[in-house]
Protein chains: 2
Amino acid sequence: MKAPPIDIDRLFHALGDPTRRAILDRLCERPMSVSALAAPLGITLTAVAQHLQILEISALVHTEKLGRVRTCRIEPTGFTALERWIRDHRTVWERRLDRLGELLAEGDEQH
Amino acid sequence: MKAPPIDIDRLFHALGDPTRRAILDRLCERPMSVSALAAPLGITLTAVAQHLQILEISALVHTEKLGRVRTCRIEPTGFTALERWIRDHRTVWERRLDRLGELLAEGDEQH
DNA sequence: TAAATACTGAAGTATTCACTTGACAATTAA
DNA sequence: TTAATTGTCAAGTGAATACTTCAGTATTTA
């Protein structure tokens, strides 16, 4: 019952595909069945199902099957993990810029 | 002389590789030559150079060759583009959550 | 000048990836 | 019950990816 830890590798890979980002965009509007998602994409239902699997293990989408229809909706967990990753790395990167500024200041003092 | 537009596809793809993220982490500490980057990675210099090309066209790294040494440093542009993408999509996604809340509220009113 | 250093380029390989086809199961509608 | 809908599974294909090796080219250093 333990949720698998979010793999940032998988997350970036999932978001790196335009079709998957299109799926996410549509799901931001409203939850949708697999075939409703497939309709405007110009690829087979099977392909969409495969994309959905990737989005699901990346915690970007949650799906649930009722009767013969699988309903897909946005799952916040993945987005949150991504935001956290960027926030963390931005601080490291800003620190580097600060240090670069210090180095430049020191350089100025030297002459 | 026009900088190519940031391709969010390329950006996610670039960040989807653990070796490339390791390179970025090291460059956050300080600028570095290609061979300095390669040393702890356990892959050939050629492979590192290939990764650097990908990071460079994604605007995550800037490199400059002086003499025989190519120095690599973090380039903010790519990170900024990524942050903007996430900020934009978070608002869409939050709107969806709001609407879901409204729908639930309406549902409550109905009985 | 000769040797070591720091990369660059072309070509090859094994794996992964997005996608397809085709056969099938399960559910709902006529 | 028959037919249509909705999705799943297994296997295959062609392109992209992350590497490799090997043979260079500049640039320093001894």
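Hydrogens, waters and symmetry mates are skipped; everything else that's a heavy atom, side chains included, is used. The sequence lines fix the lettering, A, B, ..., with proteins before strands; numbering per chain opens at 1.
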Report the nucleotide, chosen from [options], that has the shortest atom-to-atom distance to any side-chain atom of [X].
X: B/Arg70; options: D/dT6, D/dA18, C/dT8; value: C/dT8
X: A/Gln50; options: C/dT20, C/dA18, C/dA10; value: C/dT20
X: B/Ile43; options: D/dA11, D/dC19, D/dT28; value: D/dC19

Within the pair [X] and [N], is there a side-chain N or O less than 4.0 Å away from OP1 or OP2?
X: B/Lys65; N: C/dT8; answer: yes
X: B/His51; N: D/dC19; answer: yes
X: B/His13; N: D/dA18; answer: yes
X: A/Thr44; N: C/dA18; answer: no

Side chains of A/Glu56 and A/Thr63: do they bring a donor and an acceptor to under 3.5 Å?
yes
Does the [X] side chain pair with the main chain of [Y], one donor and one acceptor, at a distance under 3.5 Å?
X: B/Arg21; Y: B/Leu15; value: yes
X: A/Arg20; Y: A/His13; value: yes
X: B/Arg26; Y: B/Ala36; value: yes

In this structure, how many angstroms lie between the [atom2] atom of [N] and the [atom1] atom of [X], rounded?
X: B/Glu56; N: C/dT8; atom1: CD; atom2: C1'; answer: 14 Å
X: B/Leu41; N: D/dA18; atom1: CG; atom2: P; answer: 14 Å
X: B/Leu15; N: D/dT17; atom1: CG; atom2: P; answer: 15 Å
X: B/Leu37; N: C/dA6; atom1: CG; atom2: P; answer: 13 Å

How do B/Thr46 and A/Arg68 order along DNA chain C: which one's closest nucleotide is nearer the 5' end?
B/Thr46
On DNA chain C, nearest-nucleotide positions of A/Leu66 versus A/Ala47: which is more 5'?
A/Ala47
